[in-house]
Amino acid sequence: MGEQLLQLLFSGLTLGGIYSVIALVLVITYKITGILNLALGEFLVLGALLTVTFKTMGMPLIAASLLAMLAVALIAGALERLTVNKVRGASGLTMLIITIGIAIALRGLALLIWGTDTYSLPAFTSSKSIIAGGAALNPQSIWVLLLAGITLIGVNLFFGRTYWGKAVTASVLSPTGARLQGINLSTISLAAFIFSGALATAAGICIGPVTMITYDMGFMLGVKGFIAATIGGLGSVSGAVIGGLILGLLEAYSSGLISSGLNDAISIIILLAVLMIRPEGILGAIRTRRV
Amino acid sequence: MGKLNFKYSGAFMMLALLIIPLLLNSNYIFGTMIVIGLYTIIVQGLGILMGYAGQVSFGHAAFFGLGAYTAAILTTRFHWPSLAALIVAIVLPGIVAAIIGRQTLKLRELYLALATLGFGIFIHIVFTEGGEITGGPSGISGIPHLGIGRFVLSGDREFYILVWLILVLVLIGIRNLVRSRSGRALCAIRESEYAAENAGIDCVHLKWQAFIFSALLAGLAGGLYAFYVTFISPSPFTFHASVQFVLMAVIGGLGTFWGPLLGAAVVVALSEILKELVPLIIPGAGGEYQIIIYGIILVTLMIYRPQGLSSIGQILRKLSATAVKHH
């Protein structure tokens with residue numbers, strides 16, 4: 001029983017790491033642009049599938065990964081210029097529907113190019129599991145958690161320490177004031193999308209070896225990122241990571257101990273419960289009190 | 001005078017829409033018109049919620065599905081008469097909407113979108129994982145046709161007439177609702193929630209009522225759908241279908257009377273045309289091209305015409321007004 005619980009802890013942390021990264025990207029884009037990007041899961045799938053293709057062309061994994069990150073970053077940037085940038089200042093609903101439209105089109109594109117097959121990516125390091133306390137830990141899980149950790153630290157350093165990070169924070173607090181200081185909001189929004197494309201691809205490459213990749217998995221991953229971000233409070237960067245880990249652990253334990261068919265249902269129940277009881281998220285209330 | 005003309009021209013258009021398919025007498029036309037009619041009923045409710053109360057729901061396919069499954073389960077598993085099952089199919093989604101809307105409607109619009117999105121996915125999982133009660137992924141077959149006693153509506157033609165008669169009743173009801181005290185209060189909320197609140201309107205309560213009302217209409221459409229197709233599975237009730245309903249409401253033009261009918265007709269016609277046209281232009285093309293084009297159209301519309309096609313309605317209005325004048 002103890003071993004099973006430990007095993008579920010490992011798989012929960014892996015899942016949680018994935019959700020954390022998606023939630024992080026989501027929150028950052030939301031903080032900077034005010035847009036909840038529902039196409040984020042599709043960026044992830046596109047990046048992972050491109051890596052698979054580059055790899056089968058004979059590239060080493062690291063080169064294929066970097067090229068895919070660059071490609072999706074460019075696609076995300078182009079999409080921002082073609083869509084979001086054209087309707088700056090439109091309502092949140094309009095923006096949400098636009099990102100849904102982008103997600104639908106990208107999913108169709110992925111289906112067209114890669115079909116309904118499942119693909120897999122090789123593990124970064126040895127695929128042999130580490131046995132700890134009687135439970136097996138996939139080394140790839142460590143990579144997933146590492147990505148979440150590095151992203152969190154990097155984002156915090158960026159916002160807290162760099163000129164550009166402070167510029168972005170300023171523009172979020174007061175768009176007009178930032179514009180008066182010569183900060184270009186349009187450029188910041190473009191940068192946010194480019195960054196989200198690259199980071200979503202990195203997340204896709206990290207989880208590729210853990211779960212298989214199919215053209216249609218992006219939507220549910222995006223929704224899980226949403227739920228994680230909502231648990232943490234939509235505007236909180238650290239909250240996104242905590243929310244992701246909580247969601248991953250709850251999912252792993254509920255599907256391991258109750259029923260695996262209800263995996264997605266349980267995360268949705270958590271979402272509805274959070275929205276009804278504490279819509280500002282776990283960290284949201286603490287944050288507002290401090291201010 | 002112009003307004004009067006429009007009133008008649010709208011009714012005239014409606015009458016023409018009702019009669020032309022009857023003259024053509026083809027089951028394909030009847031089927032398409034039934035689908036447009038059912039979608040219009042859903043989108044009318046969604047239009048009240050989005051266009052007047054200013055709230056969006058990404059879970060209306062779930063209310064549609066709840067109506068359909070309620071009708072199917074009550075008639076096939078419990079052998080209820082179809083009319084009684086239809087009434088429960090309308091009421092139950094309303095009760096569910098009342099429960100989930102109570103808390104979430106106090107939140108900002110984005111949170112209701114999130115909550116309804118989650119709710120829609122949850123209900124779809126319930127349909128798929130529901131075991132013997134919902135028939136799992138293969139669904140429920142052998143649903144009887146709608147009828148009272150020995151009088152049964154089994155033909156497409158008869159069902160088409162019924163659906164469009166109900167649609168006319170819904171349209172009249174909505175016209176009265178929008179003009180009523182509550183309707184004017186809803187309009188006030190759309191213009192400015194703060195001002196409406198200051199004028200003594202209980203915004204949250206009114207939004208809640210609009211949400212329940214829209215769920216009742218979706219349930220009505222769902223119940224009718226189950227009795228029309230006599231077989232249901234989880235697949236028509238996905239998140240994608242919810243998005244499609246929002247799309248219909250937006251394309252038609254929010255806060256307009258004929259918008260939902262226009263939106264439903266355009267989207268249904270568009271998917272039918274894409275199905276025929278895309279393989280002609282790109283030989284050997286499968287459904288993936290349709291998905292891509294559908295997504296692109298959605299984005300393009302939101303960028304260049306977020307107010308929907310209601311301006312086309314205005315053009316039609318002007319045209320019909322001048323036509324009436326010349327007679």
Side-chain angles (χ1 to χ4, degrees), chain A residues 30 34-36 38-39 42 79 82-87 90-116 215 219-220 223 226-227 229-230 234 259 261-277 279-280, chain B residues 50 54-56 58 99-104 106-126 128-129 131 136 238-240 242-244 246-247 249-250 254 282 285-304 306-307:
Chain A
Y30 179 64
I35 298 166
L36 274 181
L38 258 181
E42 260 66 35
L79 286 172
L82 283 172
T83 61
V84 173
N85 191 47
K86 286 203 191 302
V87 285
S91 72
L93 175 62
T94 306
M95 294 291 193
L96 201 65
I97 297 177
I98 286 178
T99 66
I100 289 173
I102 293 174
I104 292 173
L106 286 180
R107 198 183 324 140
L109 193 69
L111 176 63
L112 179 69
I113 299 174
W114 288 280
T116 50
Y215 82 98
F219 170 66
M220 214 51 213
V223 169
F226 256 112
I227 298 173
T230 314
L234 263 180
S259 155
L262 296 174
N263 207 351
D264 291 340
I266 280 159
S267 50
I268 305 277
I269 292 172
I270 296 167
L271 170 74
L272 292 178
V274 169
L275 284 177
M276 286 185 181
I277 299 160
E280 68 275 27
Chain B
M50 289 172 68
Q55 303 288 310
V56 67
F58 283 115
I99 296 167
I100 65 164
R102 190 76 236 171
Q103 290 297 317
T104 42
K106 288 178 188 158
L107 310 168
R108 284 187 301 136
E109 61 164 26
L110 219 46
Y111 285 99
L112 183 71
L114 275 178
T116 51
L117 184 151
F119 169 72
I121 297 170
F122 179 74
I123 293 294
H124 189 252
I125 295 170
V126 170
T128 319
E129 302 283 331
T238 55
F239 171 71
H240 187 75
S242 293
V243 172
Q244 201 168 343
V246 172
L247 178 63
V250 174
L254 291 175
I282 313 162
E288 50 269 34
Y289 282 97
Q290 277 176 52
I291 303 176
I292 299 172
I293 294 172
Y294 187 76
I296 293 173
I297 289 174
L298 179 55
V299 173
T300 315
L301 260 169
M302 290 315 291
I303 295 172
Y304 296 104
Q307 75 275 38

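Both backbone and side-chain heavy atoms feed into the values below; hydrogens, waters and symmetry mates do not. Letters A, B, ... mirror the listed sequences (proteins, then strands); counts begin at 1. Predicted model, so just to flag it, every value in this text is computed and none were measured.
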Side chain, backbone, both or neither: which part of Ile291(B) has an atom under 4.5 Å from a heavy atom of chain A?
-> both
Answer key: most heavy-atom pairs under 4.5 Å with chain A among Leu117(B), Ile296(B), Ile100(B), Ile121(B) is Ile121(B)
Go through the atoms of Ile123(B) and report whether side chain, backbone, both or neither lie under 4.5 Å from a heavy atom of chain A.
-> neither
Inter-residue atom distance Met302(B).CE - Lys86(A).NZ, 0.5 Å rounding = 15.5 Å
In Å, rounded to the nearest 0.5 Å, how long is the span from CD1 of Ile292(B) to CG of Leu106(A)?
-> 9.0 Å
Okay, His124(B) and chain A: the region with an atom under 4.5 Å from a heavy atom over there is neither
Top residue by heavy-atom pair count (under 4.5 Å) with chain B, among Ile269(A), Val84(A), Leu112(A)?
-> Leu112(A)
Using non-hydrogen atoms only, which part of Val126(B) is less than 4.5 Å away from chain A: side chain, backbone, both, or neither?
-> neither
When the 4.5 angstrom heavy-atom criterion is applied to Leu109(A) and chain B, the contacting part is both
Listed by chain and number, what are the side-chain contact (heavy atoms from CB on, under 4.5 Å) partners of Ser242(B), not counting sequence neighbours?
-> Ala61(B)
Tell me, for Tyr215(A) versus chain B, whether the close heavy atoms (under 4.5 Å) come from the side chain, the backbone, both or neither.
-> neither
Give the table of side-chain donor-acceptor pairs shorter than 3.5 Å for residues 94-104 of chain A, with sequence neighbours excluded, one pair per line with atom names and distance.
unit_1	atom_1	unit_2	atom_2	d
Thr94(A)	OG1	Ser91(A)	OG	2.9
Thr99(A)	OG1	Leu38(A)	N	3.2
Thr99(A)	OG1	Leu96(A)	O	2.9

Engaged part of Leu36(A) at the chain B interface, taking heavy atoms whose separation is under 4.5 Å | side chain
Hey, could you give me the CZ/OH distance between Arg107(A) and Tyr294(B), rounded to the nearest 0.5 Å?
-> 11.0 Å
Provide the closest heavy-atom pair for Ala115(B) versus Leu272(A) in the form atom of the first, atom of the second, distance.
-> O-CD2, 3.4 Å
Do you know the tightest heavy-atom contact between Phe122(B) and Ile268(A)?
-> CB-CG2, 3.6 Å
